[in-house]
Amino acid sequence: MRFSRMLSVVDAHAEGESGKVVVGGVGPVPGETMFDKRQYFSEHLDQLRKLLLCEPRGAVWHNANVLLPSNRPDAHFGYIILESAEYPAMSGSNTMCVATVLLETGMLPMTEPVTRLTLESPAGLIRIEAACSNGKVERVKLVNQPAFVYYQDAKIDVPGLGMIAVDVAYGGMTYAIVDAASVGLSLEVSQEAALYELGQRIKKAAHEQLPVSHPENPLIPGITNTSFTGPLLREEGPDGEEMVRSLNAVIVSPGRLDRSPCGTGTSARLALLHARGDLKDGQLFRHKSIIGSQFDARIEETTTVGKYGAVIPSIAGRAWITSFNQLVLDPTDPFREGFVVGKPWDLYTS
Ligand SMILES: O=C(O)[C@H]1NCC[C@@H]1O
């Protein structure tokens with residue numbers, strides 16, 4: 001059999017969120033930066049995203065990352081991020097999967113107890129500290145690109161809900177952040193259908209009523225996620241200092257729960273907590289997902305992005321390799337771009 005496509009894929013997950021890492025089979029992608037390559041890929045190679053993420057090879061809860069050589073001398077590797085309805089500039093759970101796969105497969109050398117590396121994401125450089133022991137990456141701490149708040153306590157009119165208050169912040173993806181209780185929701189898996197449906201309705205209304213544009217890159221997508229948040233709890237942290245703890249449930253397009261606590265959503269929330277004075281620089285923010293997995297986050301520095309005050313967040317979590325696959329496309333396969341049943345998987349146009 002002569003296949004018309006073959007991709008070498010290492011499947012992984014970070015705190016429960018899928019993150020396939022394509023380590024071979026794509027070939028060179030034109031573009032100077034990873035953002036340039038992201039643009040080229042979305043315009044000329046989107047069939048591969050569908051092959052990886054759509055049925056029968058993928059599922060709506062899958063994400064994929066394509067490893068590429070970086071043109072930056074200060075980056076070990078680059079990667080572009082493929083999700084069900086967009087090519088995000090950055091992704092926390094996906095970055096943890098990429099770092100874990102690079103080190104555990106030997107594509108990059110592992111040093112113990114800590115390996116430091118730099119990856120080029122479409123959003124820019126992501127510095128990584130991987131805690132390693134006996135060949136296992138036990139924890140990935142990433143320092144994200146700056147996160148900032150577009151709108152605080154903005155009112156939007158949501159069909160079927162009326163006027164509600166939302167915050168809008170960027171942390172690598174752009175989030176409408178809503179207090180779950182304020183719209184009658186609780187952060188439990190039993191509420192997933194309501195979370196999906198309302199999350200999609202809120203993000204659409206926010207996208208239409210609250211214009212956003214990243215000051216350094218207007219091509220970065222607008223609001224594509226809704227983060228439903230729980231209350232802030234203050235208690236003694238593992239280092240004896242006060243930490244802040246909370247829950248969140250992120251609805252990723254086209255409408256499903258992020259299984260992880262969402263690294264870019266946590267980054268966006270960190271910017272909001274800083275703007276509200278609810279979190280000190282360096283203070284531990286422990287963010288849990290609806291399945292109970294957790295990321296530990298901190299404000300590493302403060303900075304500005306255009307006219308916005310911003311924070312530089314660090315996010316730490318764990319990832320595991322789950323399988324090694326050769327994904328192939330038989331030229332007689334009628335679904336050369338996969339298929340979806342139900343919700344349209346159109347790329348989100350901001
Ligand atoms: O952790 C994150 O940032 C990602 N998780 C799925 C959606 C986001 O890209």
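Every number for a ligand or one of its atoms is a count from 1 in the order of the listing.
Note: Phe148 and Tyr150 meet the aromatic proximity criterion, with ring centroids under 6.0 Å apart.
In plain terms, the two heavy atoms of Cys54 and Val340 that are nearest each other are SG-CG1, 3.8 Å. Across all their heavy atoms, Ile128 and Ala99 have their closest contact at CG2-CB, 4.1 Å.
Under a 4.0 Å criterion applied to the non-hydrogen atoms of Ser91, ligand 1 contributes the atoms 2 (C), 3 (O), 4 (C), 8 (C), 9 (O). The Met173 neighbourhood of ligand 1 comprises atoms 8 (C), 9 (O), with distances under 4.0 Å to a heavy atom of that residue.
Considering backbone and side-chain atoms alike, Tyr175 places every N or O at 3.5 Å or more from each N or O of ligand 1. Considering backbone and side-chain atoms alike, Gly92 places an N or O below 3.5 Å from some N or O of ligand 1.
Looking only at heavy atoms of the protein, atom 9 (O) of ligand 1 is closest to Glu83 OE2, 2.5 Å. If you check which protein heavy atom lies closest to atom 1 (O) of ligand 1, you get Gly263 N, 2.6 Å.
Judged purely by distance below 3.5 Å, without hydrogens or angles, the side chains of Gln294 and Ser289 never pair a donor atom with an acceptor atom. Checking Arg269 against Ser246 by side-chain atom types alone, a donor-acceptor pair falls below 3.5 Å.
Ligand 1 has at least one atom lying under 4.0 Å from a heavy atom of Cys262.
Atom CG of Leu48 is separated from atom NZ of Lys50 by 11.0 Å, given to the nearest 0.5 angstrom.
Ranked by closest heavy atom to atom 5 (N) of ligand 1, the top entry among Thr224, Thr266, Asp258 is Asp258.
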